[in-house]
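Data block below; observations after.
The chains referred to below are lettered A, B, ... by the order of the sequence lines, with proteins before strands, and numbering in each begins at 1.
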There are 2 protein chains.
Amino acid sequence: MKSLAQNYRSQCPLSAALEMIGDKWSLLIVRDMCMGKSKYGDFQNSPEGIPSNILANRLRQLEENGIIKKQPYQTNPPRYEYLLSAKGADLLPVLQQLGLWAHRYVPGSMPPPDDFMAAKPEDLLAGK
Amino acid sequence: MKSLAQNYRSQCPLSAALEMIGDKWSLLIVRDMCMGKSKYGDFQNSPEGIPSNILANRLRQLEENGIIKKQPYQTNPPRYEYLLSAKGADLLPVLQQLGLWAHRYVPGSMPPPDDFMAAKPEDLLAGK
DNA sequence: TCTTATCACTTGCTAATTGCAAGTGACATA
DNA sequence: TATGTCACTTGCAATTAGCAAGTGATAAGA
């Protein structure tokens, strides 16, 4: 995980944020995790159809950036699940605003689900 | 500008939003416009150093998506400036949240400027 | 008038990233 | 032993990114 502003193309926080999550897929994975998904297969089954190699790559990047954590949830066979860190959970307000925006301006798009809009970052950490 | 949810990869508003602005540069241009910049050269001079061909491409996409409008501001020589539409101005809350998030989690990043955080979408439309 | 400059792009080209499809390894179950 | 599942990985073609240089319209200066 990058630790100094120097590693980024500028000192602007927005710019740094976009270097971490500025693509078409990363925030979709975070969205899924906000909705309680945690397994590789869960993410793969989302309606947008993320390609498997992209998913694996994004999970790695999100972990490197400290947004998610990979944890074993069984040993036989060894399986891992992905959970939001505090940093990742705190992206929720961003996603909520972005979801509202898109719903307002994309005719025909679904409204963000009530439970998604009602959630708070701290809800996403332990018991969900 | 896409007008039906069908044109997007899913009906999720977040997903549609990311198809429009999910890259490393688009929101940086919107940020600059929120700060009062409007000319091609202004965007080019931002510290992140966007390549010229990418800038031209993103301005085109942002216009196609109805986020910005291209307007002539002089005729000799013909010159254009780029202004936020209501749709674009309403991205401000998203940028504010994302700026706060990054400032909180990227050590050494600047805090979002006070005037940026104090602004409201309606401030960005006419007189700025 | 001729030259130089500026602004807002565009073009060419290489490198990196994306995305589809198929394959792999560890283990469970029949 | 045979088949299946899950979580990836690999190969490869196609798209996109990014650097550097070029272009066209016009202004300003010699």
Side-chain angles (χ1 to χ4, degrees), chain A residues 2 7-10 12 15-30 32-33 36-65 68-83, chain B residues 2 7-10 12 15-30 32-33 36-65 68-83:
Chain A
K2 293 183 186 179
N7 296 123
Y8 295 100
R9 56 190 170 175
S10 80
C12 171
S15 175
L18 292 173
E19 287 188 65
M20 287 188 264
I21 49 92
D23 67 78
K24 298 208 188 314
W25 296 108
S26 294
L27 288 183
L28 244 41
I29 297 171
V30 176
D32 283 352
M33 295 178 76
K37 296 183 181 179
S38 66
K39 312 285 167 51
Y40 194 93
D42 293 336
F43 306 132
Q44 207 159 200
N45 289 330
S46 283
E48 292 82 12
I50 185 169
S52 185
N53 55 339
I54 306 279
L55 175 56
N57 173 272
R58 291 303 184 280
L59 288 170
R60 206 176 304 124
Q61 288 179 201
L62 288 168
E63 201 190 355
E64 284 169 7
N65 284 315
I68 67 176
K69 281 170 292 189
K70 182 178 186 173
Q71 295 207 328
Y73 69 93
Q74 68 175 37
T75 48
N76 250 335
R79 295 279 188 243
Y80 299 87
E81 66 181 341
Y82 299 90
L83 300 174
Chain B
K2 292 183 187 179
N7 297 121
Y8 295 100
R9 56 191 169 176
S10 79
C12 172
S15 176
L18 292 173
E19 286 187 66
M20 286 188 264
I21 49 91
D23 66 78
K24 298 205 188 318
W25 296 108
S26 295
L27 287 183
L28 244 40
I29 297 171
V30 176
D32 283 353
M33 295 179 75
K37 296 182 181 178
S38 66
K39 312 285 166 54
Y40 193 93
D42 294 337
F43 306 131
Q44 207 159 198
N45 289 331
S46 284
E48 292 82 12
I50 185 170
S52 185
N53 55 339
I54 307 279
L55 175 56
N57 173 271
R58 290 304 184 282
L59 288 170
R60 206 175 303 123
Q61 288 179 200
L62 287 169
E63 203 191 352
E64 284 170 7
N65 284 316
I68 67 177
K69 280 170 291 190
K70 183 178 186 173
Q71 295 206 327
Y73 69 94
Q74 70 175 36
T75 47
N76 249 336
R79 295 278 187 246
Y80 299 88
E81 66 180 342
Y82 299 90
L83 300 174

Does any N or O in the side chain of [X] come within less than 3.5 Å of the main-chain N or O of [Y], such that one atom is a donor and the other an acceptor?
X: B:Q71; Y: B:Y80; answer: no
X: A:N57; Y: A:N53; answer: no
X: A:E48; Y: B:S15; answer: no
X: B:Q61; Y: B:E64; answer: no

Problem - Positions of residues 46-59 of chain A (non-hydrogen atom under 4.0 Å from DNA chain C), listed by number - result: A:P51, A:N53, A:I54, A:R58

Find the distance [X]:[atom1] to [N]:[atom2] and express it as a whole number of Å.
X: B:K39; N: C:dT6; atom1: NZ; atom2: C1'; value: 14 Å
X: B:E63; N: C:dA8; atom1: CD; atom2: P; value: 15 Å
X: A:W25; N: C:dC20; atom1: CH2; atom2: C1'; value: 12 Å
X: A:Q61; N: C:dA16; atom1: CD; atom2: P; value: 15 Å
X: A:Q44; N: C:dA21; atom1: CD; atom2: C1'; value: 13 Å

Practice task
Would you mind reporting whether B:I29 and B:L62 have side-chain heavy atoms less than 4.5 Å apart?
Solution key: yes

Exercise for the section: Answer yes or no: is there a side-chain heavy-atom contact under 4.5 Å between A:Y40 and A:E81? Expected result: no

Exercise for the section: Establish, yes or no, whether the cationic atom of B:K39 lies under 6.0 Å from the six-membered ring centre of B:Y73 and within 45° of the ring axis. Expected result: yes

Handout entry: Outermost nucleotides of DNA chain D that come under 4.0 Å of a non-hydrogen atom of chain A
Key = D:dC6 to D:dG11

Problem - Closest-nucleotide 5' rank along DNA chain D - winner of A:Y73 and B:R79 - result: A:Y73

Handout entry: Where at least one partner belongs to residues 69-79 of chain A, residue pairs that pass salt bridge (Lys or Arg N to Asp or Glu O under 4.0 Å), sequence neighbours excluded
Key = none

Practice task
Scan A:F43 against the nucleic acid and name what it touches under 4.0 Å (heavy atoms): base, sugar-phosphate only, or nothing.
Solution key: nothing

